[in-house]
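Here the structure is a predicted model, which means the values were calculated and not measured.
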Amino acid sequence: MNLFRFLGDLSHLLAIILLLLKIWKSRSCAGISGKSQVLFAVVFTARYLDLFTNYISLYNTCMKVVYIACSFTTVWMIYSKFKATYDGNHDTFRVEFLVVPTAILAFLVNHDFTPLEILWTFSIYLESVAILPQLFMVSKTGEAETITSHYLFALGVYRALYLFNWIWRYSFEGFFDLIAIVAGLVQTVLYCDFFYLYITKVLKGKKLSLPA
């Protein structure tokens, strides 16, 4: 494992922990898109169905378990534990416009036409756009709490670091996965406008407001 992948995993884990802490400490899931979190739960479930059949390392197994457990815990908090604070009126993105096209694409463009490989490919495609309901919600409300902004930024850093991870693997290992790289590029591009606002406003102590 190279440094970029390790730091990317840490950034991803930090994002998840920040979100869980935000919900638990404030006893509220206001400003958080439940739809995005459901999509991430689907992503991790589809990607890690090989958890008990394909052992790579203790680190890899632990991270898979943590991602799945945390994603479903987040969904449970939003739709059950703190359901009264969930802002469903602003979380209105049509997720079927993300799930259906990515599912079709996974059947058409994959490395190997097997159930687990198609599900893995579907998870890669879906993850690249799963944050859209959250960004749409922030755009619709016009602002985001600082902790939610840190969560989104950490997710963006995770994707950017994984791009460097692919560059490293290609340069030193000769490994090249076009599906993962293209999906990662799409996801990183989605964060670009948010990155600019985060750096110019949140880091200067201002509340983040996105243009409608």
Side-chain angles (χ1 to χ4, degrees), residues 8-52 59-100 102-103 119-120 122-159 187 190-191 194 197-198 202 207-210:
D9 287 345
L10 288 183
S11 182
H12 195 185
L13 187 59
L14 174 63
I16 295 172
I17 292 174
L18 282 173
L19 187 64
L20 285 172
L21 287 177
K22 185 269 181 189
I23 297 174
W24 187 257
K25 286 188 174 182
S26 65
R27 317 296 288 182
S28 170
C29 54
I32 298 172
S33 169
K35 291 185 176 182
S36 269
Q37 296 310 312
V38 169
L39 291 180
F40 282 125
V42 171
V43 165
F44 295 134
T45 302
R47 184 175 302 171
Y48 300 140
L49 283 176
D50 66 345
L51 184 62
F52 301 106
Y59 170 84
N60 183 271
T61 298
C62 288
M63 293 301 282
K64 288 179 179 180
V65 172
V66 168
Y67 286 148
I68 293 174
C70 287
S71 64
F72 278 96
T73 298
T74 304
V75 170
W76 171 73
M77 285 184 174
I78 294 173
Y79 289 103
S80 180
K81 181 67 174 179
F82 304 115
K83 182 179 179 180
T85 65
Y86 169 54
D87 186 8
N89 292 327
H90 288 115
D91 193 15
T92 57
F93 194 95
R94 300 283 298 276
V95 294
E96 60 268 28
F97 293 151
L98 303 178
V99 176
V100 174
T102 53
L119 286 170
W120 178 87
F122 167 64
S123 77
I124 294 296
Y125 292 148
L126 185 60
E127 186 185 15
S128 70
V129 294
I131 199 62
L132 278 176
Q134 180 66 66
L135 295 177
F136 178 77
M137 187 176 184
V138 172
S139 177
K140 193 171 183 180
T141 59
E143 60 184 31
E145 295 181 16
T146 300
I147 192 66
T148 306
S149 302
H150 292 336
Y151 159 72
L152 290 172
F153 185 76
L155 277 183
V157 170
Y158 142 66
R159 287 315 316 175
Q187 189 172 1
L190 291 177
Y191 287 94
F194 178 83
L197 291 171
Y198 181 90
V202 176
K207 197 170 186 178
L208 177 64
S209 295
L210 294 181

- Task: Output, in order, the C-alpha distance, side-chain angles, deciding distance and verdict of side-chain contact (heavy atoms from CB on, under 4.5 Å) for R47 and E127.
- Result: CA-CA 10 Å; R47 184 175 302 171; E127 186 185 15; 2.7 Å; yes

- Query: Between S71 (side chain) and I68 (backbone), is there a donor-acceptor pair under 3.5 Å?
  - Reply: yes

- Any chance you could measure D9, atom CG, to Y158, atom OH, to the nearest 0.5 Å? 7.5 Å

- Within-4.5 Å side-chain heavy-atom neighbours: V75 and Y79: yes

- Task: Return yes if some donor-acceptor pair links the side-chain N/O of S36 with the main-chain N/O of A130 below 3.5 Å, else return no.
- Result: yes

- Task: Assess whether side-chain contact (heavy atoms from CB on, under 4.5 Å) is satisfied between D50 and K64, documenting all intermediate values.
- Result: CA-CA 10 Å; D50 66 345; K64 288 179 179 180; 3.2 Å; yes

- Task: Answer whether the closest heavy-atom distance between the side chains of L39 and V99 falls below 4.5 Å.
- Result: yes

- T74 and F40: side-chain contact (heavy atoms from CB on, under 4.5 Å), yes or no, with the steps? CA-CA 10 Å; T74 304; F40 282 125; over 6 Å; no

- Item | Side chain to side chain, Q37 and L19, heavy atoms closer than 4.5 Å | yes

- Note on the structure: Note: L98 and P133 closest approach over all heavy atoms is CD1-CD, 4.0 Å

- One should read off an interatomic distance between K22 NZ and C29 SG, to the nearest 0.5 angstrom, of 7.0 Å

- Query: Any side-chain heavy-atom pair from H12 and M63 closer than 4.5 angstrom?
  - Reply: no

- Task: Give a yes or no answer on whether the side chain of T85 reaches the backbone of F82 with a donor-acceptor pair at less than 3.5 Å.
- Result: yes

- Message: Distance check, rounded to the nearest 0.5 Å: I17 atom CD1 versus L13 atom CG?
- Response: 4.0 Å

- Message: The criterion is side-chain contact (heavy atoms from CB on, under 4.5 Å); which residues satisfy it with T102, sequence neighbours excluded?
- Response: F122, Y125, L126, V129

- Item | Side chains of K83 and I78 in contact at under 4.5 Å (non-hydrogen atoms) | no

- Query: I16 pairs by side chain to side chain contact (heavy atoms under 4.5 Å, CB included) with which of L18, L14, L20?
  - Reply: L20

- Rounded to the nearest 0.5 Å, how far apart are CD1 of I32 and OG of S26? 7.0 Å

- Nearest atoms (heavy-atom pairs only) where M137 meets H90: CG-O, 3.7 Å

- Query: Parallel, tilted or perpendicular: which describes the rings of F93 and F136, with under 30° parallel and over 60° perpendicular?
  - Reply: perpendicular

- N/O donor-acceptor pair under 3.5 Å between S123 side chain and W120 backbone: yes

- For Q134 and G31, indicate whether the former's side chain and the latter's backbone hold a donor-acceptor pair under 3.5 Å. yes

- Message: Could you work out, with side-chain contact (heavy atoms from CB on, under 4.5 Å) as the rule, every residue matching W76, not counting sequence neighbours?
- Response: S80, K81

- Item | Parallel, tilted or perpendicular: rings of Y67 and F44 (30°, 60°) | parallel

- Item | For A154 against S11, the heavy-atom pair lying closest together | O-OG, 2.7 Å

- Query: Under the side-chain contact (heavy atoms from CB on, under 4.5 Å) criterion, do L152 and L135 qualify, and how do the steps go?
  - Reply: CA-CA 9 Å; L152 290 172; L135 295 177; 4.2 Å; yes

- Item | Nearest non-hydrogen partners of S128 and L190, listed with the distance | O-CD1, 3.3 Å

- Note on the structure: Residue set satisfying salt bridge (charged side-chain N to carboxylate O under 4.0 Å, His left out) with K35, at least two apart, ordered chain then number -> none

